[in-house]
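Please read the structure below before turning to the comments.
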Amino acid sequence: MLDGDHNYAVLHGELTWLLKNTPDAVIALHDVLWPWSRRDLYYEPSRLTGDDKHPTSEDGPTISHDDLTPAGFVGLGSFTVAVEAGGERNGVLTAIEDAVAEAADEWQFVIVPAVFGMGVLVRKGAPGAKKVLDALKPYTSSELLAMLENNRVALYTRVLELQYEAVAHANDADRLAESVASQRHEIARLRAEVDKLRAEADGLRDANQRLEQELRDPLSVREPSIGAAINHLGRATSARLRKAKR
């Protein structure tokens with residue numbers, strides 16, 4: 001049963017060895033249909049380098065179109081996918097087809113079109129091969145099963161899109177709440193500043209009224225204390241004596 005790293009380089013290497021060294025094996029494979037049939041998936045950190053690995057993205061495909069989108073079939077940190085679908089050395093099904101074509105013996109490959117596709121490989125003439133293929137035939141040839149799988153994948157990817165939109169709306173709501181809280185804090189700060197300025201203005205207004213009162217009625221000004229008058233007289237006398245000495 002092969003259901004590991006869903007990319008051409010890993011699967012092609014595994015199959016090449018199995019087809020050469022286990023001629024009587026029945027090999028079952030998962031994810032042979034969309035979305036990884038013609039697009040590599042890489043679990044991270046992947047040891048693949050150079051030509052064994054296509055340019056990757058954390059976004060994923062959707063059934064409505066095979067372009068990548070953050071609302072598609074994404075790994076959320078567990079895997080990345082090839083940016084482009086199709087072409088040489090790309091995808092699970094491509095790896096299977098190439099390995100079978102390169103094998104010395106004649107192998108037969110069938111697909112059960114359910115749960116992203118289950119593939120089965122048996123060598124023609126191997127013990128029990130016909131029995132296995134006959135048992136699988138009702139499923140591999142079922143148009144109803146294929147239609148159900150297409151509908152399931154369409155609904156599943158739509159759910160992924162709705163989940164992404166819900167998270168995006170929730171994030172927008174969180175950002176809006178943070179913005180409102182920040183604005184309320186700023187409003188409170190400005191109100192405190194206004195209250196402070198109003199208090200200062202009231203103080204200046206009272207001082208201005210006192211000055212106006214003094215101008216209108218100088219007698220209402222409080223007379224200086226005796227001590228202050230004596231100090232003032234002493235300073236004036238000292239100044240005259242110094243001037244006289246000159």
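When reading the values below, keep in mind they use all heavy atoms of this one structure, side chains included, and skip hydrogens, waters and symmetry mates.
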Could you check whether any side-chain heavy atom of Ile96 comes within less than 4.5 Å of a side-chain heavy atom of Leu121, counting everything from C-beta outward?
yes

Counting C-beta onward and ignoring hydrogens, is there a side-chain heavy-atom pair between Ser57 and Leu68 closer than 4.5 Å?
yes

For Thr22 and Ala25, indicate whether the former's side chain and the latter's backbone hold a donor-acceptor pair under 3.5 Å.
no

Do Ile111 and Thr140 come close enough that some side-chain heavy atom pair is under 4.5 Å?
no

Carefully, step by step, assess Glu178 and Arg175 under the rule salt bridge (charged side-chain N to carboxylate O under 4.0 Å, His left out).
CA-CA 5 Å; Glu178 291 175 0; Arg175 285 192 292 269; over 6 Å; no

Side chains of Tyr43 and Asn7, donor plus acceptor under 3.5 Å:
no

Does Glu143, at its CD atom, have more than 12 non-hydrogen atoms belonging to other residues, nucleotides or ligands within less than 6.0 Å?
no

For the backbone of Val153 and the side chain of Arg158, can you confirm whether one donor and one acceptor N or O come within less than 3.5 Å of each other?
no

Hey, what do you get for CD (Gln163) to OG1 (Thr157), rounding to the nearest 0.5 Å?
11.0 Å

Side-chain touch Leu33/Pro113, heavy atoms, less than 4.5 angstrom:
yes

Roughly how far, to the nearest 0.5 Å, is CZ of Arg198 from CZ of Arg205?
10.5 Å

Looking only at atom types and distance, does a side-chain atom of Glu58 sit under 3.5 Å from a main-chain N or O of Gly75, one as donor and one as acceptor?
no

Is there side-chain contact between Thr69 and Asp59, with at least one heavy-atom pair below 4.5 Å?
no

May I ask you to decide whether Lys130 forms a salt bridge with Asp134, counting only side-chain N to carboxylate O separations under 4.0 Å?
yes

CG on Leu2 to CD on Glu14, rounded to 0.5 Å
5.0 Å

In terms of hydrophobic clustering (I, L, V, M, F, W, Y; side-chain heavy atoms under 4.5 Å; direct or indirect links), are Val92 and Phe109 co-clustered?
yes

For residues Asp3 and His6, is any side-chain donor paired with an opposing acceptor at under 3.5 Å?
yes

Can you get from Val112 to Ile27 by hopping between Ile, Leu, Val, Met, Phe, Trp and Tyr side chains that sit under 4.5 Å apart?
no

Would you check if Glu149 and Leu145 make a side-chain contact, meaning some heavy-atom pair closer than 4.5 Å?
no

Report whether Leu18 and Val100 are members of the same hydrophobic cluster (ILVMFWY, side-chain heavy atoms less than 4.5 Å apart, transitive linking).
yes

When you measure from the centre of the six-membered ring of Phe116, is the NZ or CZ of Arg152 under 6.0 Å away and within 45° of the axis?
yes

Residues Pro23 and Ala126: closest non-hydrogen pair is O-CB, 4.1 Å

What do the steps show when you test Arg189 against Glu186 for salt bridge (charged side-chain N to carboxylate O under 4.0 Å, His left out), and what is the final call?
CA-CA 5 Å; Arg189 187 191 67 80; Glu186 180 64 11; 2.6 Å; yes

Summary of side-chain hydrogen bond (donor to acceptor under 3.5 Å, both in side chains) pairs that have at least one residue in residues 86-96, sequence neighbours excluded
Arg38-Thr94, Asp52-Arg89

Could you state the interatomic distance from NZ (Lys124) to CG (Leu133), rounded to the nearest 0.5 Å?
9.5 Å

Any side-chain heavy-atom pair from Lys53 and Tyr42 closer than 4.5 angstrom?
yes

Would you sort out whether Arg216 and Gln213 count as a side-chain hydrogen bond (donor to acceptor under 3.5 Å, both in side chains), showing the intermediate values?
CA-CA 5 Å; Arg216 288 195 300 268; Gln213 177 65 26; 3.2 Å; yes

Is the backbone of Gly13 close enough, under 3.5 Å, to the side chain of Thr16 for a donor and an acceptor to pair up by distance?
no

Could you give the distance from CG (Leu197) to CG (Leu204), rounded to the nearest 0.5 Å?
10.5 Å

Go through it in stages, so that I can follow the logic: the residues are Arg191 and Val194, the test is side chain to side chain contact (heavy atoms under 4.5 Å, CB included), and I'd like the CA-CA distance, side-chain angles, deciding distance and then a yes or no.
CA-CA 5 Å; Arg191 283 177 174 171; Val194 168; 5.5 Å; no

If you define the side chain from C-beta out and look only at heavy atoms, does anything of Phe73 sit under 4.5 Å from Thr62?
no

Is the OH atom of Tyr139 crowded by more than 12 outside heavy atoms at less than 6.0 Å?
no

Are there over 12 heavy-atom neighbours, none belonging to Asn21, within less than 6.0 Å of that residue's CG?
yes

Can you tell me if Arg39 uses its side chain to pair, donor with acceptor, with the backbone of Ala82 under 3.5 Å?
yes

When you group the ILVMFWY residues by side-chain heavy-atom contacts below 4.5 Å and let the links chain together, are Val32 and Leu19 in the same group?
yes

Quick check: is Leu160 connected to Val74 through a chain of hydrophobic side chains (ILVMFWY, heavy atoms under 4.5 Å apart)?
no

Closest heavy-atom pair, Leu15 versus Ala95, reported as atoms and distance to 0.1 Å, is CD1-O, 4.4 Å

Aromatic ring proximity, centroids under 6.0 angstrom, Trp36 and Tyr8
no

Which distance, rounded to the nearest 0.5 Å, do you find between the OG of Ser142 and the CG of Leu136?
12.5 Å

Given side chain to side chain contact (heavy atoms under 4.5 Å, CB included), test Asp24 with Arg123 step by step and report yes or no.
CA-CA 7 Å; Asp24 294 337; Arg123 184 177 61 85; 2.7 Å; yes

